[in-house]
There are 2 protein chains.
Amino acid sequence: MSLHDLPAVHQECGDCPIRHRAVCARCESDELARLEQIKYYRSYQSGQTIIWSGDRMDFVASVVTGIATLTQTMEDGRRQMVGLLLPSDFVGRPGRNSAAYDVTATTDVVMCCFRKRPFEEMMSQTPHIAHRLLEMTLDELDAAREWMLLLGRKTAREKIASLVAIIARRDASLSLRRSKGEMVVDLPLTREEMADYLGLTLETVSRQISALKRDGVISLEGKRHVTIPDFDRLLEEAGDDTDGGLLI
Amino acid sequence: MSLHDLPAVHQECGDCPIRHRAVCARCESDELARLEQIKYYRSYQSGQTIIWSGDRMDFVASVVTGIATLTQTMEDGRRQMVGLLLPSDFVGRPGRNSAAYDVTATTDVVMCCFRKRPFEEMMSQTPHIAHRLLEMTLDELDAAREWMLLLGRKTAREKIASLVAIIARRDASLSLRRSKGEMVVDLPLTREEMADYLGLTLETVSRQISALKRDGVISLEGKRHVTIPDFDRLLEEAGDDTDGGLLI
DNA sequence: CGTGTGCTTGATTTGTATCAACCTGAGTGG
DNA sequence: CCACTCAGGTTGATACAAATCAAGCACACG
């Protein structure tokens with residue numbers, strides 16, 4: 001699985017998989033044409049660091065396919081993941097030129113990049129982009145605040161249940177299958193990455209996954225493939241309001 | 001100190017204390033005039049709840065004076081503060097009509113409110129407001145992510161040191177006094193509120209404040225008035241990069 | 001077949017929560 | 001004016017959840 005196996009992507013915005021969710025979602029066809037001119041794709045292998053915290057950033061980008069993480073690291077090596085970047089998520093901050101976090105590909109990732117200058121120019125001229133970016137940023141802020149509750153107040157067991165629930169919910173919303181019955185998810189993260197996301201150690205993550213399995217809240221096939229027989233039960237274990245809170 | 005003692009505020013935007021920092025910071029005088037027409041002030045007493053989570057929100061607002069908190073509460077009563085609202089901070093989310101968090105005044109607070117509909121209309125017409133709001137939201141997102149690191153990975157002692165450092169830094173940036181020597185801060189929060197912000201119990205907060213005092217990192221006069229003899233020492237205790245990281 | 005990465009499980013330690021008592025200062029009312 | 005109350009805070013003893021230290025398993029890969 002070397003770099004050369006990754007497809008040399010060249011795609012029309014019209015049939016882009018994230019066309020209706022990304023920062024360009026609201027663009028008219030003429031605006032899209034302008035974006036199309038300044039965009040370029042980049043591929044990253046699983047495990048590769050896309051951006052180092054502190055680095056000069058002269059582009060912004062959307063995740064097209066794959067999953068990346070946003071992490072902060074303290075001097076002594078303690079790490080905290082502060083965001084999970086899924087297809088359509090936006091990377092980079094207009095108006096700032098150095099990265100605040102490490103961005104790492106946890107699967108093979110394809111990004112749709114824009115050089116920062118032209119993108120900022122376009123943003124100031126086409127309100128559709130700025131407006132969509134505001135909307136996406138507000139969503140991320142809500143997600144970050146939900147995560148603050150998890151990090152500050154939830155038990156290890158609740159943290160794991162919450163993570164599984166969130167991943168399952170996202171999968172369901174992406175694939176649009178609203179299965180009443182059991183849900184099936186593939187965890188996109190290693191135990192260590194989960195630990196970094198949840199503010200735990202990898203041992204605790206492992207133990208709590210085992211415990212949830214033992215108690216029948218989830219069942220596992222291999223280390224990544226999870227079946228959720230009863231989603232409401234999982235939400236209870238997560239300590240969330242049972243009403244589901246689909247604010248979207 | 002009843003409601004009637006609070007001044008009936010009526011102010012020109014031109015000499016508003018948050019004119020250059022709030023959502024209206026970038027507005028031209030004609031835009032400001034329009035805003036002036038749709039704005040109104042509201043006052044809240046210390047301790048009063050400004051907005052309940054889940055409530056219908058038909059206005060957005062800026063904090064003019066005072067301090068408010070944003071908190072989330074779990075069914076069993078566990079609470080996590082997810083934001084501290086200082087003068088110029090924005091409350092409410094254009095494009096959503098129910099509140100996601102409780103907003104509470106921790107001091108007497110004056111808010112500059114706009115009915116949501118007219119504000120959203122103005123936003124779609126004047127890019128200056130939308131642009132400034134994006135900028136503020138991105139800043140809040142960064143702050144939330146910094147807090148995620150604190151909640152997930154810092155020790156109780158580091159959490160307290162971080163909180164004091166952040167409050168001190170903000171005070172210094174507001175009053176523009178760049179004192180080389182000792183800094184003086186008044187904590188705007190009770191021990192319990194600090195605990196809710198830091199993901200601790202109030203007992204642990206109290207103990208760690210005592211410990212930092214005992215070790216000479218801070219000194220206390222009363223329960224709220226803090227003197228910081230050596231700010232770099234405090235940053236070390238906070239576990240932060242010592243370079244200060246003034247990204248602003 | 002050996003090596004290594006990701007993961008699990010066990011034993012022990014430790015930092016923080018919990019339970020509980022008491023202190024302090026401000027406000028209240030007799 | 002003093003006794004009372006009460007909210008906010010401190011401090012101590014103990015319990016417990018998660019971290020740490022440690023061993024070993026399972027599977028992929030050269």
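Residue numbers begin at 1 in each chain, while the letters A, B, ... track the order of the sequences. Heavy-atom basis, side chains included; hydrogens, waters and symmetry copies ignored. Since the structure is predicted, the reported quantities are computational estimates derived from the model, not experimental observations.
Remark: P of D:dA17 and CG of A:L198 are 18 Å apart, rounded to the nearest angstrom. At whole-Å resolution of the value, CZ in A:R224 and C1' in C:dC7 are 11 Å apart. Distance, A:L202 CG to D:dC21 P: 13 Å, rounded to whole Å. Distance CG (A:L220) to P (C:dC7): 11 Å, rounded to an integer number of Å. Whole-Å rounding puts the A:E193 CD to C:dT5 P distance at 15 Å. When the C1' atom of D:dG8 is taken as reference, atom CE of B:M194 falls 11 Å away, rounded to whole Å. Atom P of nucleotide D:dT10 and atom CZ of B:R214 are separated by 12 Å, given to the nearest angstrom. Rounded to whole Å, the distance from CD on B:Q208 to C1' on C:dA17 is 13 Å.
Distance alone, capped at 3.5 Å, is enough to place a donor-acceptor pair between the A:S210 side chain and the A:S206 backbone. A donor-acceptor contact shorter than 3.5 Å links the side chain of A:K154 to the backbone of A:A238. With A:D89 contributing its side chain and A:V63 its backbone, the two residues share no donor-acceptor pair below 3.5 Å. Remark: the backbone N or O of A:V205 is not paired with any side-chain donor or acceptor of A:Q208 at under 3.5 angstrom. A side-chain donor-acceptor contact under 3.5 Å links A:S46 to the backbone of A:T106. A donor-acceptor pair under 3.5 Å links the side-chain atoms of A:Q80 to the main chain of A:D196, judged by distance alone.
Minimum interatomic distance between A:L163 and A:Y197 (heavy atoms only, all atoms of both residues): CD1-CD2, 3.8 Å.
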*Given the rule in the side-chain contact (heavy atoms from CB on, under 4.5 Å) test, do A:M111 and A:Y44 qualify, once you have shown the distances and angles that lead to the verdict?*
CA-CA 8 Å; A:M111 306 263 266; A:Y44 301 87; 3.6 Å; yes
*Verdict with supporting geometry, A:L234 and A:M183, side-chain contact (heavy atoms from CB on, under 4.5 Å)*: CA-CA 11 Å; A:L234 182 66; A:M183 298 172 83; over 6 Å; no
*Start with the C-alpha distance between B:D139 and B:M136, add both sets of side-chain angles, then the distance that settles side-chain contact (heavy atoms from CB on, under 4.5 Å), and finish with yes or no.*
CA-CA 5 Å; B:D139 283 342; B:M136 291 172 71; 5.5 Å; no
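For residues 49-70 of chain A, the set of pairs meeting the side chain to side chain donor-acceptor pair (under 3.5 Å) definition, not counting sequence neighbours, is empty. The stretch residues 215-229 of chain A participates, sequence neighbours left out, in these salt bridge (charged side-chain N to carboxylate O under 4.0 Å, His left out) pairs: A:R157-A:D215.
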Using nucleotides 22-25 of chain D, report all nitrogen or oxygen pairs with the protein that are shorter than 3.5 Å.
none

Please list, for nucleotides 24-28 of chain C, all pairs of protein and nucleotide N/O atoms separated by less than 3.5 Å.
none

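Annotation: A:E192, atom CD; neighbour count of heavy atoms from other residues, nucleotides and ligands within 6.0 Å does not exceed 12.
Residues from residues 185-192 of chain A with heavy atoms under 4.0 angstrom of DNA chain C, sorted by number: A:T190, A:R191. Within residues 147-166 of chain B, the residues approached by DNA chain C to less than 4.0 Å at the level of any non-hydrogen atom are B:T155, B:A156, in residue-number order.
Looking at the side chain of B:L200, the nearest of the listed nucleotides C:dC7, C:dT16, D:dA19 is C:dT16.
Using a 4.0 Å heavy-atom distance criterion, B:G199 is classed as a sugar-phosphate-only contact.
Put simply, A:T201 has no side-chain N or O that comes within less than 4.0 Å of OP1 or OP2 on D:dA18. In this structure, A:T204 reaches the D:dA19 phosphate: one of its side-chain N or O atoms is under 4.0 Å from OP1 or OP2.
B:R78 and A:E158 are joined by a salt bridge, as a carboxylate oxygen and a charged side-chain nitrogen come within less than 4.0 angstrom of each other.
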